[in-house]
There are 4 protein chains.
Amino acid sequence: MVDFNRIIDFFENLNIPENMLNRGQLVLNEFLNPIKILFEQRSVPSEPWTDEQIEFLLQTLSNMDTDKDKNAARVGEREARIASKLQLKTSAGFCHGVGRSGYLTAPQPKAPGGSIMYVLSNYLARNILKNFGLPNIKDAIVVPLCTGMSLSLTLGALRSNQSEKNLNFKRTVLVPQIDHKSLLKSIDLMGFKSKIIGGKIFGDAVRIPIEDIAANLDDECFAVISVTSFFPPREHDDIKEISKFAQEHNLIHIVINAYGVQNPEWMKIIRSAIDAGRVDAIIQSTDKNFLTPVGGAVIASPIKENIKKISQTYAGRASATPIVNFLISMLSLGITGYQKLIEEQQQNREILERKLREVAGNVNERVLDIFNPVAVALSLENLKEEQLFALGGALYNLRVTGPRVYNPKEKAFGTCCSNYITPYIVMNAAIGATEKDIVFAVERFEKAYRQIVQQ
Amino acid sequence: MVDFNRIIDFFENLNIPENMLNRGQLVLNEFLNPIKILFEQRSVPSEPWTDEQIEFLLQTLSNMDTDKDKNAARVGEREARIASKLQLKTSAGFCHGVGRSGYLTAPQPKAPGGSIMYVLSNYLARNILKNFGLPNIKDAIVVPLCTGMSLSLTLGALRSNQSEKNLNFKRTVLVPQIDHKSLLKSIDLMGFKSKIIGGKIFGDAVRIPIEDIAANLDDECFAVISVTSFFPPREHDDIKEISKFAQEHNLIHIVINAYGVQNPEWMKIIRSAIDAGRVDAIIQSTDKNFLTPVGGAVIASPIKENIKKISQTYAGRASATPIVNFLISMLSLGITGYQKLIEEQQQNREILERKLREVAGNVNERVLDIFNPVAVALSLENLKEEQLFALGGALYNLRVTGPRVYNPKEKAFGTCCSNYITPYIVMNAAIGATEKDIVFAVERFEKAYRQIVQQ
Amino acid sequence: MVDFNRIIDFFENLNIPENMLNRGQLVLNEFLNPIKILFEQRSVPSEPWTDEQIEFLLQTLSNMDTDKDKNAARVGEREARIASKLQLKTSAGFCHGVGRSGYLTAPQPKAPGGSIMYVLSNYLARNILKNFGLPNIKDAIVVPLCTGMSLSLTLGALRSNQSEKNLNFKRTVLVPQIDHKSLLKSIDLMGFKSKIIGGKIFGDAVRIPIEDIAANLDDECFAVISVTSFFPPREHDDIKEISKFAQEHNLIHIVINAYGVQNPEWMKIIRSAIDAGRVDAIIQSTDKNFLTPVGGAVIASPIKENIKKISQTYAGRASATPIVNFLISMLSLGITGYQKLIEEQQQNREILERKLREVAGNVNERVLDIFNPVAVALSLENLKEEQLFALGGALYNLRVTGPRVYNPKEKAFGTCCSNYITPYIVMNAAIGATEKDIVFAVERFEKAYRQIVQQ
Amino acid sequence: MVDFNRIIDFFENLNIPENMLNRGQLVLNEFLNPIKILFEQRSVPSEPWTDEQIEFLLQTLSNMDTDKDKNAARVGEREARIASKLQLKTSAGFCHGVGRSGYLTAPQPKAPGGSIMYVLSNYLARNILKNFGLPNIKDAIVVPLCTGMSLSLTLGALRSNQSEKNLNFKRTVLVPQIDHKSLLKSIDLMGFKSKIIGGKIFGDAVRIPIEDIAANLDDECFAVISVTSFFPPREHDDIKEISKFAQEHNLIHIVINAYGVQNPEWMKIIRSAIDAGRVDAIIQSTDKNFLTPVGGAVIASPIKENIKKISQTYAGRASATPIVNFLISMLSLGITGYQKLIEEQQQNREILERKLREVAGNVNERVLDIFNPVAVALSLENLKEEQLFALGGALYNLRVTGPRVYNPKEKAFGTCCSNYITPYIVMNAAIGATEKDIVFAVERFEKAYRQIVQQ
């Protein structure tokens, strides 16, 4: 077979000067070398790859799958046959998906290349988390599911950590109030009951004291959820204390770290929690943290066995695309690129707060005093109910996407407590946002605010 | 904005003759016209689209999503930002995925184009099933999950059809023996108990009599599963009788039609079952039936409300790719293309049986007498245990993918009963397979068989 | 660097079974192996490559060019910098084009990969012609120019075959009448004079007797042109006699074989001519013969030195795309594919004649008796002048592209003689056309003919 | 047909809220609107387009060509049939190429879309030159040929400006010494004689005084060439004086502006020359000026008729790709982008000079005093002959591409005069280069220089 290391050997008598061929080989080597390093080190590359390099890797691996074998005779009922070549693009060539007989990471005999791709992706998932704040995890897996469904899967998998005889008894999950439909639904879906511990107001912030959580513990409880990243006024949980509490009472403890990887402080909180007590799994979105299209999550754990269980619990094969998307992000960013994104996020967060403080000064509102390294909340106390409603629509029309205007008097859900009285708007300076996003959003907000007030 | 219907109006004074421009407009219209018909009729096109037409549609729709809006100011935590342009290919541009707050088909305000794409896909899902054997379904949904996880989701969603007070009591699903790990796991995952009714041997075939199913009913049962497509010796269930039984005893009845759409006879069985009793949902794989990459399923129901519940039960957003893959298959095949695939499947099935009968005659084995419009089973009674084992390896080395060699004495799982004694091999002439696949597989099988016998 | 021959060595401890890895390597090898064979044999592959294989080759080679070298410091005025990644597609990555300092095939130090690509393409050009009728050529080159400009280039290059002192004297090219604007223009462009020898009518056919050509020879003549493929009523030249005549009188002899490679009979005529006398160059279109987009030609010669001169005459670098297009055609067709196309052409030519004879019988016209293995001409004697004009328009509206309706009374140019009186229509069953093209064209012609007659 | 302006009309009853649909239409409009502006204004867009927008335009236009018409019956010998879909990429779908019967800009009846594409490209060519320094040109054409072949074509076309009777007499072109092989070869190719007027040394610079050019005029001369951009020590010509001289003596005057568009000073020189006397054509490379892959040139003229002649002189059709590449560059850069590139070039030129002056100070060499807004030359007087030779090799190994090391004692060609004694190195800060290119090149040069001196 052609040896790409010595491809120029083939061209010796083509009247192309040797130094020119050597140069060609050198450039080709630079192109291919990161692939070798990836295979050897199985870690996120330090520098970004080009799209061409990524495509080359994906093409090479996907051409190991048996659906590419012209000489195969296929007499299975599922052979990764496709109707259109466009589907080679949407699947990056991994038409067999991932998983086997309901075991996500099991090698798929018809897809050696796809199997390698998935194993590598999981290595990178573990590696990126270890690099950015969680050196104390033991394993991680990329799943083709969003955060909510990942919580379902994780609960389903780890439930068996409980002794079998308890299975029929303990069906309750302790949830420090998280006003997020998908998460609540994910508990529901599994037939579990959420026991929600209401949030309390501390100044502007909403927190759920560990004492309140503890007070809600009963014999039906087998698990507790905690969160890092969330929308103000809800702050992150005191995960370290919850971790100790979980250990003490033998509860499964799952941390929802939806978009928390982007922030070292949130990651530090989790790290400490792992060290201090019991954390069974940490779930993070691939799109919110790693800039993939929607559809994947990384589930990590300080307990290797937990990841294996989660992998084995998935019932069937799955689309390879969410995995490939994660892999593409890791390769196209590299450690350097991700570090840079984190730094930009921090700068943008500062800009967002500064700009909002300026506006606050101008219009006699105030920036709420809530810890959140991504989002900032501004009071909207001068606006009446109908004005608050109008503000949302006005921002939509001004093409500001993602701000949340809340009027707790109208709807408490979202504040994570029952008695929050200050109306507010939340904006995020999330990873991947640009300074332009922030500046324009605040400008348009001020414009909309003033118009509404003047009407 | 440019009006593509009259694009030539722009070029009137470019010294290009009018009849030439008219011709250009005509050709362009032919290219674009199928898009109009799709939007108006919302049904699978009668003729195949070209890849270029499909890409044009996907590009147009995905360019309605807000992540493409250069003038937007994005301050949400999730804005479909991507790390690499390659991810536009893997997502077909639908970076926001599908779903909202755990409601799969809910329009996503940040993704008007993605929302339209999904609605259209669901229309086509319903339409293809109505066209190919299930005119009596009321709705269908494409889900970004394989058959197994789709069963979990469906069970989770329809469980609430039971009265709420029963939720904590009834946790058992009746399963006429299906030796398929993913399906069993999908019931497990939800915390349900599978009550398996063992298969019985009728000549060569394995069936589960309705009387046996009925005899296993107890107060804990809330659902029953039935299957069409499965591997010999297991035949399809008597779904009509199960349907009546389900209606009588108020059981949820889910039909696993994994790769059954390809065959009119299996589809007819389901149609009759719907008419005769209770069918809550029918689940079919998109890859096994519609030649997509692995990762999606179509769930259909004669009860519109059921599909809505299933859509609302999913916890979060999901990757759009499995949906897009289904859409691509529908557009690139068209009704004509799918009809042709079905006919080819039937011809290939005949060839497979004929060829295997020839081999059987040659080597003193026999084709087992089992109804299955996709697969054929051949006895391997002349082979000893170690020879059976060797046969599997030999076929793998000869690049025959998908045959299943069973030795019931070694492992009963797979025969769907406890006392099957004939060793056998199963081959499929599934949709999308070519005559070449069939012929080569049988030839290589005969070769391998003879070598093993002679050694 | 990663060794793709042993890529699986990297994955030994990934928990993927060895036989699965071996299988992956095997499939990958099948994918890559044709590349090795191409490099070793430098001939058109016997079997077609897939698009993915072609892209892999192009990607590998183009990644040897220095514009891909991230660590280069570029301080030339021309460094193949591009404004958009789309230009990587249109150039297949060969942004440096081909050629150096006005020597087309000179290796370009900044483009080792592009240089290899071009050398390989020229090998394939020579090989395809040797395989399909011209074993007696010595060299060939693919030029990024169409037939006409290729003739200009060839005339410019070979003129220097004349002794230098004659350069200023001999400026006339003998042209057996060829009513084709581009060819005449190509002689004009070079500042030469065409001495056209008028065609004569032989039955239905138009030929130029060698005696007439010989009679026109004068001291100013330094070259003679001959043609194979042309439109009826003009038949191919008696190239063997022209070849002898050229040798005898020391004339440069260039054969225009515009779309003649597709037909073994035309190729045989050239082969005999090479053996019998003097042929300096044979020019064939890449798009008309090898199904590339418009823009290239293959120039072949039985004299190696001639090809070198042509290569050295081109003034500057050129777009690599026409070369790449030829390479893609060769790899995607293979010898087998090209042979098949030739056979289909012959069948379609028969169908065309049969169908036109039927129509002729129906409408009292006749198929003209002219040798042409691609085209067929039908008389239009029953049509009046305005009806002939209307016929052309009618066919255009019926979307028949490519037929030529001639009324010699109105315009002699095109008949290659001065006194052709029969009006006629010419249709081609050219390589790459489908039976559907032929059948529909004849049907629509009959329809249009009848309507016009009846009006 | 579907009206993209009101695409949302189709989706009114899909349960997608109206404001969401409106938003989708708005985003789509933003995507499509630049196409409308392009069609209306036929000028380089002020802002860059995205790749997706460019692809959308190309796809729309190429889908007007008849080879995309499924219902056509094709019976021509050339119907833009292609062997592989990959060729749709390399041709951007314009498989018919450009041109008709040897008239480049003639509309091609089989390619309405391709014809529109070419007309638009020529509008943009004229527009970009008018915007960046040549408001006094009247027309321009993009040709699928590099600078050298473009000169051949232009000389061939404009020769007929001479009275016909002179055709056989005047065959000499005046060439103020330009040591560039392709250009000299392009004159040769056409059968013309270059009368080279040797360069003279003025300080460090080499110039050709107008008096010397005038002194060489004889009756055989029919044309004169002048240059702007060239390598030091050769400076640009005194084009204004040559222009007056050409007018006075009725000479065709062609300006080689190979990579001069990037610099306003060079462009100003041409503008003045046009106003002051006679300029027949100005030729500029598309790759050197506009960052396309190699293979195209823009020929402009203050005389509309000249461009028409050039278009009509080309003998046959040509590849559309060089035209498409120019169009892609124009759309992806926009006026703003090109302006920015020009400014960066100027900054990089300053950095290059400053850095080289530093090195010069360090190693006791000097920056030569030569006007050139792109390149800088540094003396290499301390190096011996073999060291000069070694320097070139060393830089190649250090991956510095594009520097020219000259030793006039060894080879005068390149200095544009016969008696230049200073050895030197030339580096360019050309358009599209980055500061990194410049800085690294100078650093590596200093490193190589020092090593060589020390050895």
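Since the structure is predicted, the reported quantities are computational estimates derived from the model, not experimental observations. Convention: sequence-line order gives letters A, B, ...; per-chain numbering from 1.
Of the residues D/D287, D/V294, D/L145, D/T147, the one that meets the side chain to side chain contact (heavy atoms under 4.5 Å, CB included) test with C/R317 is D/V294. Exactly one of C/K110, C/E79, C/R78 qualifies for a side chain to side chain donor-acceptor pair (under 3.5 Å) with D/T401. That residue is C/E79.
In this structure a side-chain-to-backbone donor-acceptor pair under 3.5 Å is present from D/R159 to C/L189. In terms of modelled atom types and a separation under 3.5 Å, the side chain of D/K181 and the main chain of C/A315 share no donor-acceptor contact.
For a residue to count as touching a neighbouring chain, one of its non-hydrogen atoms must lie under 4.5 Å from one of that chain's; by this rule C/L333 touches chain D with the side chain only. C/S319 touches chain D through backbone and side chain together, each having a heavy atom under 4.5 Å away. Heavy-atom distances place no part of C/V374 under 4.5 Å from chain D, backbone and side chain included. Using a 4.5 Å cut-off between heavy atoms, D/T321 touches chain C through its side chain atoms alone. Of the two parts of C/S285, only the side chain, counted from C-beta on, holds a non-hydrogen atom closer than 4.5 Å to a non-hydrogen atom of chain D. Looking at C/R444, the atoms closer than 4.5 Å to chain D (heavy atoms on both sides) all sit in the side chain, from C-beta outward. For a residue to count as touching a neighbouring chain, one of its non-hydrogen atoms must lie under 4.5 Å from one of that chain's; by this rule C/D188 touches chain D with the backbone only. Both the backbone and the side chain of C/S101 have a heavy atom closer than 4.5 Å to some heavy atom of chain D. If you measure heavy-atom distances from C/P322 to chain D, the contacts under 4.5 Å come from the side chain alone. Both the backbone and the side chain of C/A72 come within contact range of chain D, with heavy atoms under 4.5 Å apart. C/I431 touches chain D through its backbone: at least one of N, CA, C or O sits under 4.5 Å from a heavy atom, while the side chain does not. With a 4.5 Å cut-off on non-hydrogen atoms, C/D51 touches chain D through its backbone and its side chain both. For C/A318, the part sitting under 4.5 Å from any heavy atom of chain D is the backbone (N, CA, C, O) and nothing else.
Across all non-hydrogen atoms, the minimal contact from D/F440 to C/A73 is CB-CB, 3.8 Å. Residue C/K185 comes nearest to D/Y103 through the heavy atom pair NZ-N, 4.1 Å, listed as atom of the first residue, atom of the second, then distance.
In this structure, the separation between CG on D/L331 and CG on C/L86 is 10.0 Å, given to the nearest 0.5 Å. Note that the CD atom of C/E77 and the CZ atom of D/F230 stand 9.0 Å from one another [nearest 0.5 Å]. With rounding to the nearest 0.5 Å, the separation of OH in C/Y314 from CE in D/M149 is 5.0 Å. C/N325 CG to D/T90 OG1: the interatomic distance, rounded to the nearest 0.5 Å, is 3.5 Å.
Side-chain contact between D/M427 and C/R74: absent, with no pair of heavy atoms (C-beta onward) separated by less than 4.5 Å.
Interface remark: of the candidates C/G295, C/P109, C/S182, C/S186, C/S182 forms the most heavy-atom pairs closer than 4.5 Å to chain D. Most heavy-atom pairs under 4.5 Å with chain D: of the set C/P48, C/G148, C/S152, this distinction falls to C/G148. Your options are D/S150, D/A441, D/A80, D/A320, and the one with the most heavy-atom pairs under 4.5 Å with chain C is D/A441. When each of D/S91, D/C146, D/A430, D/G97 is checked for heavy-atom pairs under 4.5 Å with chain C, D/C146 comes out on top.
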Could you please spell out the steps behind the side chain to side chain contact (heavy atoms under 4.5 Å, CB included) verdict for C/S332 and D/Q87?
-> CA-CA 11 Å; C/S332 67; D/Q87 291 161 332; 5.6 Å; no

Can D/R399 and C/K70 be said to form a side chain to side chain contact (heavy atoms under 4.5 Å, CB included), step by step?
-> CA-CA 10 Å; D/R399 288 147 94 169; C/K70 279 195 199 175; over 6 Å; no

Would you please test D/I82 and C/T292 for side chain to side chain contact (heavy atoms under 4.5 Å, CB included) and show each step?
-> CA-CA 5 Å; D/I82 52 174; C/T292 69; over 6 Å; no

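The list of side chain to side chain donor-acceptor pair (under 3.5 Å) pairs with a residue in residues 426-439 of chain D, not counting sequence neighbours, reads D/T434-D/D437. Residue pairs meeting the salt bridge (Lys or Arg N to Asp or Glu O under 4.0 Å) criterion with at least one member in residues 83-104 of chain D, sequence neighbours excluded: B/E52-D/K85, C/E55-D/K89.
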